[in-house]
Peer 1: 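I have a structure I would like to understand better, so I am pasting it below and will then ask my questions one at a time.
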Amino acid sequence: MILDKAFGIHPKALELRAHRSELLAANLANVDTPGFKAKDFDFSAVLKNEMPAMRMATTRSGHIQPENGLVTTGQAQYRVPMQPSLDGNTVDAQIEYGNFASNALEYQTSLRFLNSKIKGLTLALKGQ
Amino acid sequence: MSLFKIFDTAASGMSAQSMRLNLVASNMANVDSVSSSIEQTYRSRQPVFRAMLDQLNPDKPSVGVRVAGVVESQAPLRREYLPDHPLADGNGYIFRPNVDLVEEMANMISASRSYQSNVEVVNSAKQMMAATLRLGE
């Protein structure tokens with residue numbers, strides 16, 4: 001759809017941000033669960049995969065484009081703990097909370113970008 | 001929408017932590033509940049947390065936490081020789097609970113901090129959702 005092109009990378013980024021905040025919230029909820037391993041994913045690497053410029057060129061009809069869906073959780077990786085813990089839990093509340101806060105802020109940034117795109121489009125549609 | 005699940009996840013964290021706080025309160029309240037036999041004496045109670053993993057979908061990102069059970073500490077009770085105590089047994093001993101006050105205080109602080117961080121997560125998620133709803137206004 002033409003609107004998707006107008007919005008660019010931002011809807012995808014927003015989706016990924018929401019997904020990441022879900023992961024980080026799960027880490028924070030399990031901060032005291034014995035044996036729980038904190039998970040996260042590399043946001044910029046995943047987003048890079050989603051960018052059109054990074055897609056494979058398909059020159060024949062038989063060529064299959066890799067799935068362009070939302071990041072699968074298989075790409076989520078275990079966090080390397082900074083400090084060992086007795087119960088095998090690798091959640092560091094400060095790190096998770098810092099990541100969650102910056103992720104929330106970046107989510108709002110993506111929203112701001114989208115908003116201005118929408119505003120620009122509305123302006124163009126109204127012509128006034 | 002996946003932001004909704006954050007509320008469930010954080011709420012599970014809050015309820016688990018409040019259960020933990022509840023047990024701390026119970027342990028601290030009973031620190032002086034002496035009795036005349038080992039069986040009747042209050043023992044320190046501790047929660048066991050477990051991640052709520054979905055068996056059908058182990059890679060699901062939203063993993064809440066639940067209290068798998070409450071265990072009673074098996075640490076030895078403190079026996080004290082107080083023959084004048086009304087609850088003293090035949091040999092003049094009373095039994096005190098195996099509650100460690102220092103441990104319980106540390107537990108309490110940890111639980112309340114974890115609870116707070118879950119509340120902050122809910123607040124952030126709420127703001128994110130509210131901003132999304134205002135998109136395009």
Side-chain angles (χ1 to χ4, degrees), chain A residues 7 10-11 14-41 70-76 87 89 91 93-94 96-122, chain B residues 1-17 19-21 46-54 57-68 107 110-137:
Chain A
F7 290 147
H10 301 302
L14 208 63
E15 222 171 319
L16 282 177
R17 289 281 176 216
H19 184 78
R20 183 158 184 239
S21 61
E22 206 181 322
L23 264 179
L24 295 174
N27 289 347
L28 274 168
N30 283 290
V31 72
D32 294 310
T33 309
F36 185 85
K37 310 291 179 209
K39 276 190 199 167
D40 197 358
F41 63 83
L70 178 62
V71 55
T72 58
T73 47
Q75 281 164 286
D87 59 0
N89 183 304
V91 182
Q94 281 73 37
E96 300 301 336
Y97 195 64
N99 278 330
F100 187 87
S102 73
N103 188 61
L105 209 62
E106 282 153 356
Y107 182 90
Q108 304 248 14
T109 316
S110 285
L111 271 182
R112 188 65 68 86
F113 278 126
L114 260 181
N115 233 339
S116 39
K117 294 248 181 201
I118 292 172
K119 285 225 174 80
L121 281 175
T122 334
Chain B
M1 190 174 160
S2 59
L3 279 178
F4 276 116
K5 291 184 199 125
I6 295 178
F7 292 103
D8 296 342
T9 310
S12 78
M14 281 193 272
S15 75
Q17 298 296 345
M19 170 98 173
R20 186 171 164 209
L21 264 181
Q46 305 293 341
V48 179
F49 287 174
R50 186 167 294 164
M52 276 196 286
L53 290 173
D54 189 346
N57 185 7
D59 287 333
K60 206 173 71 167
S62 56
V63 183
V65 61
R66 68 186 168 89
V67 179
N107 227 337
S110 166
S112 72
R113 287 281 177 271
S114 303
Y115 189 96
Q116 282 172 19
S117 72
N118 277 308
V119 174
E120 291 300 325
V121 166
V122 170
N123 274 337
S124 300
K126 199 178 82 184
Q127 278 172 14
M128 282 157 78
M129 285 197 77
T132 318
L133 287 174
R134 282 195 303 271
L135 188 65
E137 268 180 17

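Just so we're clear, the structure is a prediction, and the values are computed from it rather than from any experiment.
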Peer 1: Could you go step by step and tell me if Phe36(A) and Val65(B) meet the side-chain contact (heavy atoms from CB on, under 4.5 Å) rule?
Peer 2: CA-CA 10 Å; Phe36(A) 185 85; Val65(B) 61; over 6 Å; no
Peer 1: Based on non-hydrogen pairs under 4.5 Å, which of Ser110(B), Pro47(B), Ala51(B) is most in contact with chain A?
Peer 2: Ala51(B)
Peer 1: Surrounding CZ of Arg66(B) (heavy atoms of other residues, nucleotides or ligands, distance under 6.0 Å), is the total greater than 12?
Peer 2: yes
Peer 1: Looking at Phe7(A), I want to see if its CZ is surrounded by more than 12 non-hydrogen atoms of other residues, nucleotides or ligands under 6.0 Å.
Peer 2: yes
Peer 1: Counting heavy-atom pairs under 4.5 Å to chain B, which of Thr122(A), Thr33(A), Ile118(A) comes out on top?
Peer 2: Thr33(A)
Peer 1: If we only count heavy atoms from C-beta on, is the Ser117(B) to Val31(A) side-chain gap below 4.5 Å?
Peer 2: no
Peer 1: For a quick check under 3.5 Å, do Tyr107(A) and Thr132(B) share a side-chain donor-acceptor pair by atom type?
Peer 2: yes
Peer 1: So, does Asn115(A) use its side chain to make a donor-acceptor pair with the main chain of Leu135(B) at under 3.5 Å?
Peer 2: no
Peer 1: Once you round to the nearest 0.5 Å, how far does CG of Asn30(A) lie from OG of Ser114(B)?
Peer 2: 10.5 Å
Peer 1: In terms of heavy-atom proximity below 4.5 Å to chain B, should Glu22(A) be classed as side chain, backbone, both, or neither?
Peer 2: both
Peer 1: Residues in salt bridge (charged side-chain N to carboxylate O under 4.0 Å, His left out) with Glu106(A), at least two apart?
Peer 2: Arg17(A)
Peer 1: Which residues in residues 96-105 of chain A have any heavy atom closer than 4.5 Å to a heavy atom of chain B?
Peer 2: Tyr97(A), Phe100(A), Ala104(A)
Peer 1: For a quick test of reading the model, state the closest non-hydrogen atom pair linking Thr9(B) to Ala26(A) and the distance between them.
Peer 2: CG2-CA, 3.5 Å
Peer 1: Could you tell me if the side chain of Glu120(B) sits less than 4.5 Å from the side chain of Leu28(A), heavy atoms only?
Peer 2: no
Peer 1: Does Asp32(A) have any salt bridge (charged side-chain N to carboxylate O under 4.0 Å, His left out) partners at least two apart in sequence or in another chain, and if so, which?
Peer 2: Arg20(B)
Peer 1: May I have all residue pairs that pass salt bridge (charged side-chain N to carboxylate O under 4.0 Å, His left out) and include part of residues 121-137 of chain B, sequence neighbours excluded?
Peer 2: none
Peer 1: Considering all heavy atoms of both residues, which atom of Ile6(B) and which atom of Ala25(A) are nearest to each other, and what is their separation?
Peer 2: CG2-CB, 3.7 Å
